[in-house]
Visitor: 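I am attaching a structure below and will ask some questions about it afterwards.
Indexing begins at 1, ligand by ligand and atom by atom, following the structure's order. Just the heavy atoms: all of them, side chains too, but no hydrogens, waters or symmetry mates, feed the values below.
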Amino acid sequence: MLNLLILGSGGAIPLPNHTPPAYWLSLDGHGILMDPGPGALVRLIKSAHGLDSVDEINTVLFSHLHPDHCADLVPLLFALHSPVLPSTKPLQLLGPRGLKNYVQQLQEVYGDWILPAKRPLIVSEIRSEQNLDPASGLWAVSPGVDTGIAVHRADHSESRFSRENLCFRFRDEQGYTLTYSGDSQFCEGLVQAARDTDLLLVECSTPDEWAVEGHMTPESVGRLCALTNPAKVVLTHFYPTVTNLNLSALVKERFSGDIVCAADDMLLTAPF
Ligand SMILES: [Zn+2]
């Protein structure tokens, strides 16, 4: 079972229909909050497809540590500091090397206020070319397992805490796959993650003529799709420079498959 709720389909600049990045993924019964950008928690709680309480979040996955992809970590930890919330399950944070230092630095700033009151906080650094499996409720590296999360290297600018940027390929027990680019320009890791995937959730931040290093444009998305042949493509991470364009038509100049633009609160369920 694999489904994706798009909480935020924009980039760093909030737009009315495209708020900053955030995704809620359900994989074989495991809920994953992916890239909790600014406003992610509010949108997850307000959505009819979301959660009743942030206390139900057990896993947070980060593609990289730029603020538009992780700013709601502090509000989440602060909410879980409240003793009125009942869960005692561990909260696992999964992200690139540097995540532990990032959380430590946040704790320097906020102290115990961002320690969950009842829940163990587990910070796990992951690397490209690893596969993750939810062993005993926590995600751990499991060589040879092809369901779960395959981690690949994305090509994006460094953050202060992390030089490595990640993209992901999720595979459920029925064999359906979903690939998320994170932030990345065209690169080999993205090609590996996207090959023959059922759903490619790929950033398309800027127009071709405003191409920014570390990001995709309609031309590079079309090139990626032509090479990897995804069954369905969902474009996301929109900046104001692309929202007036017919992005799917531009991508279709290079790839004739099923292409849609993400919108906030869009729900996609396998087989997509
Ligand atoms: Zn970024």
Visitor: Quick check: does any side chain N or O of E125 sit under 3.5 Å from a backbone N or O of K100, one acting as donor and the other as acceptor?
Guide: yes
Visitor: Specify which N/O/S atom of H64 comes nearest to the Zn ion (ligand 1), by atom name.
Guide: NE2
Visitor: To the nearest 10 degrees, how large is the angle at the Zn ion (ligand 1) between H156 NE2 and D183 OD2?
Guide: 90°
Visitor: Any idea how H156 and H215 line up, ring-wise: parallel (<30°), tilted (30 to 60°), or perpendicular (>60°)?
Guide: perpendicular
Visitor: Which N/O/S atom belongs to H66 and is the closest one to the Zn ion (ligand 1)?
Guide: ND1
Visitor: Could you pull out all donor-acceptor pairs under 3.5 Å where a side-chain atom in residues 224-236 meets a protein atom, sequence neighbours excluded?
Guide:
unit_1, atom_1, unit_2, atom_2, d
T228, OG1, L224, O, 2.8
K232, NZ, D258, OD2, 3.3
T236, OG1, Y23, OH, 2.8

Visitor: Parallel, tilted or perpendicular: which fits the ring planes of Y180 and F168, with parallel below 30° and perpendicular above 60°?
Guide: parallel
